[in-house]
Each structure stands twice: as structure tokens, then as C-alpha cells.
Amino acid sequence: MSKSAISPIRAENYPEWYQAVIKAADMAELSGVRGCMVIKPWGYAIWERVQNVLDGMIKATGHDNCYFPLFIPLSYFQKEATHVEGFAKEMAIVTHHRLINKNGELVPDPDSKLDEPLIVRPTSETIIGEAMARAVQSYRDLPLLWNQWANVVRWEMRTRMFLRTAEFLWQEGHTAHADEADARAETERMLEVYRALIEDYIAMPAIQGSKPESEKFAGAEDTLTLEVMMQDGRALQSCTSHYLGQNFAQAANIQFQGKSGSLELCHTTSWGLSTRVIGGLIMTHADDDGLVLPPKLAPQQVVIVPILRDETAREAVLNYCDKLATDIAAQTYAGEAVRVKVDKRDEESATKRWNWIKKGVPVILEVGPKDIEKDGVAVTRRDDVAGKKTFPARAEFIAGLPALLDEMQRGIYARALEMQKSRTRTDIKTWAEFETYFGKDTDGKFDEAPGFVRAPWSGDEAATEAKIKPLGVTIRCLPFDTNVPDHAAVPSGNCIITGGAAKYEAIFARAY
RNA sequence: CGGGACGUAGCGCAGUCUGGUAGCGUACCAGCCUGGGGGGCUGGGGGUCGUGGGUUCGAAUCCCACCGUUCCGACCA
């Protein structure tokens, strides 16, 4: 009979619960700037973990970081037609470079109008393409493997913290290759890098696949994705990896001279992962007491709360805690020193404990005179807050900590995978069943909402969209495990939409 | 951009109908009592009532305009 820290709880109102978790964990807040958020220290610390881990992987696969301008001349952007079409409706545009005081009000100076408007980058294919064209001369310059960490702006109509904001943070990789095979291999290699981050660190089970035509990146030949199921059964695209063909190479004139002397266009790729994954992390693992962080990703893995009820014992308790922290930090888990801190804030100990529970720290230790007497610690596991605290001996706890963190990491992943599997329907065979399944009223009932449907599909985009759009459903991906030639299993049964012959197997779901 | 709602203390709200110069909860500060499931009591600090104009002796309250936020739709990583 414990009250939960978050209100409303998931079962009462999932969208409000999501906002409440962000607030309770003090991760971010609305900024007053339309559609933009302030990422607060705890939220940013999580993003920095994502950055550190992913940046290491990106470099380990041979890529170099660089930085390109925030402002992109309109003329650059215009060069790739499909790309323009996809982004034109959500641009922030800079048209002036000076303000003047007009009747006590600052307004853009008409005389400072730019000859050519600049757009605030929504993505950087075009401006990086310009630089690539200069960087690439010979086949010896290939592959060109660049990445940048940046902010981007997309003027979205409706925003939600982390999931969709007008400005967001991400990394975008841009590469140029001599041929299609090499470029396609790059998109697969980077998808695997993302998979390692998302599954092994963020503990979100992902379905790997390619996007159907209608869901592809504007200007891409092929878009690969990792789709993750949220606790309300909706899908979240956690990252993308695009094979861009020669579309952007043509637009920016990215050419190289081959061994034989021939002049050829490069094949380019781009791939990105944004602060959106933090939204996914929340909706995958958080519970009615707040955020739940997988140990490998957690900015702090262990927090020690000193119990300072007795003034005379104060020094002794704090010293004991500091020593404990030092010993814990000497342990390693997943190749890194265990991240631990002592919470010495002047707050009531119970309040501090709940602060860290809401922030999702994997292990909370309470240490007071009673524990010192026994040379022990009081342990709360975040993946089992309602469970009883345990009171192991100090040395035993420290020695077992890496194993404990690993058990939690695996447990959190396993729980999410179980949810994904139990709510992915493969037994829906007809359009009538499909319609009934997705037609369910989902208001506030996150645990009864539909999940994924995995079914044979004809590939007829127009017919499909006409039928599934009214249900709010989209094709999330054509999963690799059944669609990639190497693993191919020809779908048995007819297309769930048209009833005709099926060419693929598709994942259908509502999505964020 | 269409439809609805809302802008009053850091946050959440009442007060607006029936004008009279601002209040509650929480957070914050101080003291005492507490203290291992997130406290209690007492006393404090903090507000150009979104902005501009109008009506009035007097406006948070009535009227007009504007700005902003939010929910629903079209769009989207």
C-alpha cells in the first residue's frame, strides 16, 4: 500500500503522466519560447551520457567530428527538390541583420534586409554537401566520414518535451562513398551503432527495418530505422540512417576522379539520433514513481543519502559516506568507473531519497549510525522501489555492485522486451480484425491500447494509406529479420490491407 | 492556419457573473520539535492581477484590440 510519486499515474492519463515524470525528475521545462524547452541539469546529464557513449562509437567506426554553420543560404537548400518539399513547411527564416528603434519599439531595419534569406538548419545535407564537393577530388578521398553534434530547428505545429520540440539537439553523420554498395554498408553499420546504444545502453528493445516509401526521409533512396514500443503501445522512431543515393551529390556536385580517370558522382549517406531518445527512455522505462534509468546510461548509478538525525554522529556518518563513495568509485561496470555521489544537501533524508527515486537513479544507499555500527548499508533498488530495502554488509555490497548493476540493466531490458513481444500481434490476419484492433478507444487506458501488428503487406502505398490513416496507424518499418534478402522468409498469407499477394512483412502501429 | 480553453506570488489555483484596491495551497526564509516512506507547529518575505486603450469617483472584475500559453485538427525525428 504505497502511494506513488507521480500523479496522474500511467493508467489514469498517460500523456499527463509523461509530463509529470519530466517535471518530477527535474529534467526539463517549457521555456516560454514557442515550442522550445529548457533542458535542466539532470536531463542534460542524461543527454551527455548519450553523447559520450555514442560519440565514442562514432569515432571508433572511423568518423571525425566537425561543425557547419547554423545558417543555410536558401539557394543551397533549394538544390534538392524532394528535400525542399519535405522541409519547406517548417522553416525558420532569417531575413534581416539589424534592429532599429521605431517609436520605442525594436523592429527589423528595412534597410538591413538580406539579399538572400538564410534558413536556420533543419538538417545539414545541403550545406555539408557544399563542403564535401570541395573536400572530395579523388577516389583516395573516399570514404569521407563526417559527423557533427548540433542543434536544429523545425517549426513544428505541435510540440512535446523531448519527443518533438521546435529546436532539438542531435548528431548528424554525413558520409560520401565511391559506390552504392559502400554507402549502403555505411547505413547498416551506423544502424548497428545505434542499436548498440539503444539496446545495450538505453535498454530499449528495437525492431530494425527499412521505411516504406511514404515514411522515408525527404531526399533519401532508403531510410533505415530502429522502432521502439512505448508503454502505451505506440511506436517511437529512435534514430534514422539514410542512403541518399546520388541525389545530394548531384545537387552539390560531389564528384571524384576514379582510378581510370573517369569523373563520378559520390553516393552519400546521413544518419541521426536526437534528444528524442530521452523521451523514448522515459516512455519505455519510467513508472508511477518517476524515471527509471538503466545503469549503463545513468549519470549517477549510486547515490548515498547520509542519515544525519544525530548531530553528534554527523561527522562520523559523513566520513563513512565519503569513504564508501571512494570505494564504490573504485569499482568498474561496463568498462567505466562506477558513478557515485554523496547527497549532502541540507534536506530531510526521506525527501532526498524520494528525489533520487523520481530521478531514476538505479541504487540508493542510506547510511546512518545504525549502519555504521554494523558496517553495512541500506539498499533501495530503483527497479523495485516497492520492495523491501536490503541491508548487506558494506564490503559485500561493494564487491557485488557490478553484478547488481548488470542484473538491473538486463532486467530493465527484459521487461521492456516482454512488453514489446506481448503486445505485438502476429495473429491478425484480416482487415476486419485489424480495424477492430486499432479501433479501440484508447483514452487514458495505456495498458489496453493497441500495440504493434506484424503482418504480410502488398507494398501498395496508396491503398494502404487510404485505409490505415483514418485509424491513426502508419507502417513503422519493414523489419529486417523477415525482409532482408539474407534472412528472407517469403510472407505466408495475403496482404492485411488489400487481401492480395504480399511482398513484405510490415509493422503497423500508432506512432509518436 | 481553423475550433475550444486559459493568462492573478516560483508552481498550482480561487476571486471576475453581482466593480470598492488581492487571497488559498504548495514551494521559499527563520525558530523550535522531529527524522531510515517523502514531517509538525509558530512566525515571515514575495504579486505593474498578460499588454495597450476605453467606461467609471473607483477596474483583476465591464467593453475593445493585441500578445502569449495550452488542448483538438492538418504537418512531423
Side-chain angles (χ1 to χ4, degrees), chain A residues 1-7 13 15-16 19-20 23-24 26 29-36 85-91 104-105 122-123 152-160 162-172 194 211 214-218 220 223 225-228 235-242 270-280 289-290 304-311 313-314 317 346-358 364-372 376-380 385-389 391 443 469-470 472 474 476 511-512:
Chain A
M1 223 13 159
S2 59
K3 73 170 180 180
S4 63
I6 303 298
S7 174
N13 188 328
E16 277 187 33
Q19 302 293 337
K23 190 174 179 183
D26 204 21
E29 63 188 18
L30 293 170
S31 67
V33 181
R34 189 188 199 94
C36 297
E85 230 175 274
F87 286 100
K89 280 173 284 185
E90 47 188 41
M91 295 286 94
E105 213 177 329
T123 179
V152 286
V153 169
R154 297 179 188 177
W155 213 259
E156 300 289 351
M157 295 288 156
R158 254 182 96 188
T159 58
R160 247 182 295 216
F162 290 112
L163 293 174
R164 177 169 299 110
T165 46
E167 178 188 12
F168 59 94
L169 308 181
W170 77 350
Q171 69 48 231
E172 48 180 323
Y194 288 144
K211 288 286 188 186
S214 57
E215 300 282 329
K216 284 191 316 198
F217 174 74
T223 291
T225 177
L226 297 178
E227 297 288 324
V228 180
L236 183 87
Q237 177 178 306
S238 62
C239 62
T240 49
S241 183
H242 317 287
S270 69
W271 27 273
L273 178 141
S274 76
T275 37
R276 181 179 231 208
V277 290
I278 296 174
D289 287 312
I304 302 169
V305 175
I307 305 296
L308 302 168
R309 67 175 167 187
D310 181 355
E311 274 303 315
R314 188 183 176 85
V317 170
D346 182 18
E347 298 285 352
E348 199 193 338
S349 56
T351 299
K352 288 197 275 193
R353 177 169 174 273
W354 277 99
N355 278 170
W356 293 112
I357 287 172
K358 288 184 283 195
I364 299 166
L365 302 180
E366 289 163 279
V367 177
K370 280 194 260 177
D371 309 288
I372 296 179
V377 292
V379 182
T380 299
V385 173
K388 285 181 181 140
K389 286 183 211 172
F391 302 91
D443 292 346
K469 202 176 177 187
T474 51
R476 301 320 303 156
Y512 279 99

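Note that these values count all heavy atoms, side chains included, but never hydrogens, waters or copies made by symmetry. In what follows, every chain begins at residue 1, and chains take the letters A, B, ... in the order their sequences are listed.
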Taking only N/O atoms, report every protein-nucleotides 67-69 of chain B pair under 3.5 Å with atom names and distance.
from   : atom 1 : to      : atom 2 : distance (Å)
B:rU69 : OP1    : A:Arg34 : N      : 3.3
B:rU69 : OP2    : A:Arg34 : NH1    : 2.7

Taking N or O atoms only and anything under 3.5 Å, show me the protein contacts with nucleotides 4-9 of chain B, one pair per line.
none

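Here the P atom of nucleotide B:rC75 and the CD atom of A:Glu90 are 12 Å apart, to the nearest Å. A:Glu215 has its CD atom 11 Å from the C1' atom of B:rA77, to the nearest Å. Put simply, CD1 on A:Ile364 is 11 Å from C1' on B:rG37, counting in whole angstrom units. B:rA77 atom P lies 14 Å from atom CZ of A:Arg160, rounded to whole Å. A:Trp354 has its CH2 atom 11 Å from the P atom of B:rG39, to the nearest Å. Whole-Å rounding puts the A:Tyr194 OH to B:rA77 C1' distance at 11 Å. Distance CZ (A:Arg353) to P (B:rG35): 17 Å, rounded to an integer number of Å. One can place NZ of A:Lys216 at 18 Å from C1' of B:rC76, the figure rounded to the nearest angstrom.
Checking B:rG36, B:rG38, B:rC75 against the side-chain heavy atoms of A:Glu156 singles out B:rC75 as nearest. Here the side chain of A:Arg276 is nearest to one of B:rG36, B:rA77, B:rG38, namely B:rA77. Here the side chain of A:Lys389 is nearest to one of B:rA77, B:rG36, B:rG38, namely B:rG36. With distances taken from any side-chain atom of A:Arg154 to the nucleotides B:rA77, B:rG37, B:rC11, the minimum falls on B:rA77. With distances taken from any side-chain atom of A:Ser349 to the nucleotides B:rA77, B:rG38, B:rG35, the minimum falls on B:rG35.
B:rU61 and B:rA74 are spaced 38 Å apart, taking the C1' atom of each and rounding to whole Å. Rounded to whole Å, the P atom of B:rC13 lies 14 Å from the corresponding atom of B:rU70. Going from the C1' atom of B:rC1 to that of B:rC62 covers 31 Å, rounded to whole Å. Across the C1' atoms, B:rC41 and B:rC49 are found 32 Å apart, a figure rounded to whole Å. Spacing between B:rC24 and B:rC71 at atom P, rounded to whole Å, works out to 31 Å.
Residue contacts shown for A:Pro122 are absent, as no nucleic acid heavy atom lies under 4.0 Å away. If you check every strand for non-hydrogen atoms under 4.0 Å, A:Gln237 touches sugar and phosphate atoms only. Using a 4.0 Å heavy-atom criterion, one finds that A:Tyr512 contacts no nucleic acid atom at all. At the heavy-atom level, A:Val305 lies nowhere under 4.0 Å from the strands shown. Residue A:Lys352 is out of contact with every strand shown, counting any heavy-atom pair closer than 4.0 Å. Within the nucleic acid shown, A:Thr225 has no heavy atom closer than 4.0 Å to any nucleic acid atom.
Base pairing analysis places B:rG23 opposite B:rC13; the two distances defining the Watson-Crick or G-U wobble pair are each below 3.5 Å. For B:rG2, the paired base is B:rC72 (Watson-Crick or G-U wobble, both distances below 3.5 Å). Nucleotide B:rA30: paired with B:rU42 (Watson-Crick or G-U wobble, both distances less than 3.5 Å). Nucleotide B:rA77 is matched to nothing when pairs are restricted to Watson-Crick or G-U wobble geometry with both distances under 3.5 angstrom. Across all strands shown, B:rU51 pairs with B:rA65; the Watson-Crick or G-U wobble distances both stay below 3.5 Å.
The two atoms that bring A:Val367 and A:Val317 nearest to each other are O-CG1, 3.5 Å, heavy atoms only. Nearest heavy atom pair, residue A:Gly279 against residue A:Phe162, reads N-CB, 3.7 Å.
For the pair A:Glu348 and A:Ser274, nearest-nucleotide mapping onto RNA chain B gives the more 5' position to A:Glu348.
At the phosphate of B:rG39, OP1 or OP2 sits under 4.0 Å from a side-chain N or O atom of A:Thr351. Proximity of A:Lys89 to the phosphate of B:rC1: no side-chain N or O atom is located under 4.0 Å from OP1 or OP2. One finds a side-chain N or O of A:Lys469 lying less than 4.0 angstrom from the OP1 or OP2 phosphate oxygen of B:rC75.
One N or O on the side chain of A:Arg154 and one on the backbone of A:Pro122 form a donor-acceptor pair closer than 3.5 Å. No donor-acceptor pair closer than 3.5 Å links the side chain of A:Glu29 to the backbone N or O of A:Lys23. A donor-acceptor pair under 3.5 Å links the side-chain atoms of A:Tyr194 to the main chain of A:Gly272, judged by distance alone. Judged by distance alone, the side chain of A:Lys211 and the main-chain N or O of A:Arg476 form a donor-acceptor pair under 3.5 Å. A:Arg276 places a side-chain N or O within donor-acceptor distance of the main-chain N or O of A:Leu163, the cut-off being under 3.5 Å. Not a single donor-acceptor pair under 3.5 Å links the side chain of A:Thr159 to the backbone N or O of A:Ala166.
Donor-acceptor pairing under 3.5 Å, judged by distance alone, is present between the side chain of A:Asp371 and the base of B:rG36.
The environment of A:Trp170 atom CH2 is dense: over 12 non-hydrogen atoms of other residues, nucleotides or ligands sit within 6.0 angstrom.
Side-chain N/O atoms of A:Arg353 and A:Thr351 include no donor and acceptor closer than 3.5 Å.
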